[in-house]
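In what follows, chains carry the letters A, B, and so on, assigned in the order in which the sequence lines appear, proteins first and then strands, with residues in each chain numbered from 1. Values reported hereafter were calculated over all heavy atoms of this structure, with side chains retained and with hydrogens, waters and symmetry mates removed.
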Protein chains: 2
Amino acid sequence: MATSKYENLRLQYKIWFTDETGNGLLGDGKWKILKAIDEEGSLTAACEKLGITYRRTWNDLKSIEKRLGFALLEKNRGGVDGGSTSLTVEGQRLIRAFDIFHEQMDTIMQDHFRLLINELTSNGE
Amino acid sequence: MATSKYENLRLQYKIWFTDETGNGLLGDGKWKILKAIDEEGSLTAACEKLGITYRRTWNDLKSIEKRLGFALLEKNRGGVDGGSTSLTVEGQRLIRAFDIFHEQMDTIMQDHFRLLINELTSNGE
DNA sequence: ATGCGTTATGATGAAAAATTCATATCGAAT
DNA sequence: ATTCGATATGAATTTTTCATCATAACGCAT
């Protein structure tokens with residue numbers, strides 16, 4: 001049995017943090033933004049890097065700040081270079097934790113998915 | 001340290017199947033619909049059960065049929081009872097597989113999430 | 001042949017989300 | 001005080017998504 005109707009199925013997933021009532025706090029989108037900010041040191045630069053609009057990103061970050069109880073970002077405006085945005089230590093720890101979690105989930109998910117596909121293809125058709 | 005800024009964080013996730021190019025094929029929403037159809041034996045009844053519109057559901061199912069290579073549903077219309085919709089054997093196997101996968105992921109996710117929170121709360125603050 | 005309940009579809013409109021455009025604010029350096 | 005580049009926001013516009021309404025087609029039983 002070389003091919004099966006399941007062979008081109010892929011698995012995708014999303015994870016996100018919420019508060020006790022289920023309101024979204026931090027998900028993949030904002031996680032990527034925060035990572036880019038950490039690398040670039042600037043919101044504007046991070047947006048260019050990701051190819052998303054400044055306006056949109058700014059809204060997203062505002063909603064994070066509003067919902068999360070503590071600061072992830074340190075913003076400075078003015079100055080000779082116009083300003084900058086960077087992550088607080090806690091922001092860095094949080095995205096690092098998200099990184100690790102993603103790595104773990106990637107492998108676990110795909111492992112289990114492979115098993116699932118095997119089962120689907122073997123016992124039937 | 002009784003409380004921490006992380007203590008009311010929760011984790012949520014979504015999984016879905018796609019084709020090789022990332023187009024969504026089957027996710028939680030359609031999975032629930034299919035389950036309801038399997039239980040009710042009718043699209044109309046399934047929609048009422050879930051509290052969603054027939055029109056919407058019908059669109060969703062059409063998109064599944066279009067993208068997936070094989071049939072999940074067996075539809076009959078007319079007849080004394082007006083008609084019916086049921087799952088094919090393969091449809092049943094697929095949603096059963098989704099069930100199992102979800103169960104596995106639920107426990108794995110929460111286990112790893114707990115570890116993550118522990119790490120966040122212990123080494124820092 | 002007609003009545004019934006279900007599947008099948010088009011058309012319209014409302015609501016929400018995303019994008020675009022414009023503009024204000026800030027502060028170090030000159 | 002003026003310049004400059006980045007942050008901060010409002011407002012309008014477009015796009016996308018979702019909900020509603022109306023209506024056709026179907027086929028078994030009577």
Which nucleotide in the list C:dT9, C:dT6, C:dT25 gets nearest to the side chain of B:Arg55? C:dT9
Any side-chain N or O of A:Ser42 less than 4.0 Å from the OP1 or OP2 oxygen of D:dA6? no
Any side-chain donor paired with an acceptor under 3.5 Å for B:Asn118 and B:Arg114? no
Output field: ring centroids B:Tyr6/A:Phe17 closer than 6.0 Å: no
Looking across every strand, which nucleic acid part, if any, lies under 4.0 Å from A:Gly83 by heavy atom: base, sugar-phosphate, or nothing? sugar-phosphate
Is the phosphate of D:dT7, meaning OP1 or OP2, less than 4.0 Å from a side-chain N or O of A:Thr44? yes
B:Asp60 CG to C:dT7 P, straight-line distance once rounded to whole Å: 15 Å
B:Ser63 side chain to B:Lys30 side chain, donor-acceptor N/O pair below 3.5 angstrom: yes
From CG of A:Asn76 over to P of D:dC4, roughly how many Å is that when rounded to an integer? 22 Å
Can you tell me the distance, in whole Å, between the CH2 atom of B:Trp58 and the C1' atom of D:dA24? 13 Å
Of all the nucleotides listed (C:dT19, C:dA8, D:dC18), which has the minimum atom distance to the side chain of B:Arg56? D:dC18
Could you give the CG-to-C1' distance, from A:Leu50 to C:dA18, as a whole number of Å? 16 Å
Figure out the OH/C1' separation between A:Tyr54 and D:dA8, and round it to whole Å. 6 Å
Closest-nucleotide 5' rank along DNA chain D - winner of A:Lys62 and A:Gly82: A:Gly82
B:Thr85 vs C:dT7: side-chain N/O to OP1/OP2 distance below 4.0 Å: yes
Roughly how far apart are B:Thr88 OG1 and B:Leu94 CG, rounded to 0.5 Å? 9.0 Å
Could you give the CG-to-C1' distance, from A:Leu43 to D:dA8, as a whole number of Å? 10 Å
Report the relative orientation of the aromatic rings in B:Trp31 and B:His102; use parallel for angles under 30°, tilted for 30 to 60°, perpendicular for over 60°. parallel
In whole Å, what is the span from the CD atom of B:Glu40 to the P atom of C:dG5? 17 Å
For C:dA8, does OP1 or OP2 lie under 4.0 Å from any side-chain N or O of B:Lys75? yes
Rounded to whole Å, how long is the line connecting atom CG of A:Asn59 with atom C1' of D:dA12? 15 Å
